[in-house]
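Remember, predicted model here, so these are calculated numbers, not experimental data.
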Amino acid sequence: MESDTSKRRNIAERRGNGGWVFPDLVVEVAGPLACFTRPELKVERVSYPVMTPSAASGVLEAIYWKPEFQYVVRAIEVLKPIEWTSIRRNEVKSAISATEVAALRKDPRRRYDVEGDRDQRNTMLLRDVAYRIHAQIRTSPHLSGTSPAKYRDQLRRRVDRGACFSQPFLGCREFSCSFGPASDAPSIDRDEELGVMLHSIIYPKRGQGGGEKYRWFRAQLVDGVLEVPAKPLDDGQVALPGTGARASMQGR
């Protein structure tokens, strides 16, 4: 007798499109500058040559977001040739903690010396970028059985009108971007191994301890398209040197 797991797998295979009921939602974004920072470089910012899935999710959430669902990025097409530029920016050396912010609010005599903590750093970033994001909507577990159709329609309407909750950006908040419905522009002709890339972030539930959990995948650009696997790498396949936001492949 066929198990429930086998039945679900067979249904997904017959559906095609990775087992999703609906076709992918497609949104195009473009901007003059972008920086999707590689995690293995801690001092100077160096961008991946391609938008990351987490950045793509951030763009979609800036356009339309509800706590009842999350975006699943399935593919990112690169629509313009990959071109680089560099800038030097004034940044602070350390990240201020929530505890320090609370202390600053509690004691008005307490000060954070920005000038004393300032540092000038180089950023290697992308210029004149355009991407086509393919994504699905997955409703929250407590809404299992609820169709995501209404959320899909609302996202499409907002994209058509150019409406958004906050200004979408490409990696850094100062690199804002435009967005719109899909066009017939072809992806670039380029193949490249991109190394380990951030797949998604799991945030702790309210009331639970611990910080975010970062999940990774091995990224590869094929004919200008970055395919995002449904399943990230296992924890044993990724080495985290010091912080959850840094990763490298083990034995690769």
Side-chain angles (χ1 to χ4, degrees), residues 24-65 70-91 95 121-137 155-156 158-183 185-188 190 192 194-201 212 214-217 219-221 224-228 245-247:
D24 289 346
L25 292 162
V26 184
V27 180
E28 286 191 12
V29 298
L33 294 172
C35 182
F36 311 109
T37 308
R38 299 191 71 103
E40 64 267 26
L41 302 172
K42 298 184 179 181
V43 179
E44 305 293 338
R45 290 179 183 269
V46 178
S47 177
Y48 281 105
V50 179
M51 173 187 253
T52 61
S54 56
S57 294
V59 169
L60 297 177
E61 289 172 358
I63 298 171
Y64 177 62
W65 177 84
Q70 63 180 353
Y71 290 104
V72 179
V73 177
R74 290 178 26 86
I76 300 171
E77 295 183 61
V78 183
L79 305 181
K80 288 188 177 181
I82 298 173
E83 298 182 355
W84 299 88
T85 188
S86 64
I87 59 174
R88 292 189 69 82
R89 300 191 297 176
N90 289 327
E91 301 183 7
R121 295 179 179 174
N122 188 65
T123 300
M124 182 67 70
L125 47 82
L126 302 164
R127 64 183 180 90
D128 192 21
V129 300
Y131 305 102
R132 185 180 294 128
I133 303 169
H134 298 253
Q136 290 282 344
I137 283 178
L155 174 67
R156 280 195 291 261
R158 294 182 71 85
V159 170
D160 291 339
R161 297 199 315 267
C164 56
F165 286 129
S166 60
Q167 179 61 48
F169 57 88
L170 299 173
C172 297
R173 289 192 179 275
E174 59 266 41
F175 301 152
S176 60
C177 67
S178 59
F179 62 92
S183 69
S187 58
I188 64 173
R190 179 162 176 167
E192 185 177 347
L194 304 176
V196 180
M197 184 178 284
L198 183 64
H199 181 280
S200 54
I201 303 174
E212 306 104 20
Y214 296 85
R215 304 194 299 177
W216 310 87
F217 75 107
Q220 184 179 20
L221 195 67
V225 181
L226 173 66
E227 297 282 351
V228 183
R246 312 289 178 184

Could you report the tightest heavy-atom contact between Val159 and Gly180, atom names first, then the distance?
CG1-C, 3.4 Å

What one should report as the nearest heavy-atom pair of Ala182 and Val26 is CB-CG1, 3.5 Å

Side chain proximity check, Leu155 to Tyr71, heavy atoms < 4.5 angstrom
yes

Can you confirm whether Pro49 sits close enough to Trp84 that some side-chain heavy atom of one is under 4.5 Å from a side-chain heavy atom of the other?
yes

Please find the pair of heavy atoms, one from Phe165 and one from Tyr64, that lie closest to each other, and give the distance.
CE1-CA, 3.6 Å

Please tell me if the side chains of Val27 and Tyr131 come closer than 4.5 Å, counting only heavy atoms from C-beta onward.
no

Please report the shortest heavy-atom distance between Leu194 and Tyr48, naming the atom on each side.
O-CE2, 3.6 Å

Donor-acceptor pairs under 3.5 Å, side chain of residues 51-62 to any protein atom, not counting sequence neighbours: which ones?
| unit_1 | atom_1 | unit_2 | atom_2 | d |
| --- | --- | --- | --- | --- |
| Thr52 | OG1 | Ser54 | OG | 3.2 |
| Thr52 | OG1 | Ala55 | N | 3.3 |
| Ser57 | OG | Pro53 | O | 3.2 |

About how many Å separate CG of Leu198 and OG1 of Thr37, when rounded to the nearest 0.5 Å?
11.0 Å

Is any side-chain heavy atom of Val228 closer than 4.5 Å to one of Arg74?
no

Suppose the criterion is salt bridge (charged side-chain N to carboxylate O under 4.0 Å, His left out): which pairs have a residue in residues 158-173, not counting sequence neighbours?
none

Answer yes or no: is there a side-chain heavy-atom contact under 4.5 Å between Gln136 and Asp24?
yes

Are Val29 and Pro168 close enough that some pair of their side-chain heavy atoms sits under 4.5 Å apart?
no

Taking C-beta and beyond as the side chain, do Arg45 and Cys172 meet within less than 4.5 Å on heavy atoms?
yes

Between the side chain of Ser86 and the main-chain N/O of Met124, is any donor-acceptor distance below 3.5 Å?
no

Euclidean distance, Leu226 CG relative to Ile133 CD1, rounded to 0.5 Å
11.0 Å

List the residues meeting salt bridge (Lys or Arg N to Asp or Glu O under 4.0 Å) with Glu227, not counting sequence neighbours, and say none if there are none.
none

Rounded to the nearest 0.5 Å, how far apart are SG of Cys177 and CG of Leu33?
12.0 Å

Donor-acceptor contact below 3.5 Å, side chain Glu28 vs main chain Ser183
yes

Residue pair Leu126, Ile82: steps toward the side-chain contact (heavy atoms from CB on, under 4.5 Å) verdict
CA-CA 7 Å; Leu126 302 164; Ile82 298 173; 3.9 Å; yes

So, does Arg132 use its side chain to make a donor-acceptor pair with the main chain of Ala185 at under 3.5 Å?
yes

Check Lys80 against Val129 and note the closest heavy-atom contact, atom names and distance.
CD-C, 4.3 Å

Can you see which heavy atom on Phe36 is nearest to which on Leu170, and at what distance?
CE2-C, 3.6 Å

Report the distance from atom CD of Gln167 to atom CZ of Phe179, rounding to the nearest 0.5 Å.
7.5 Å

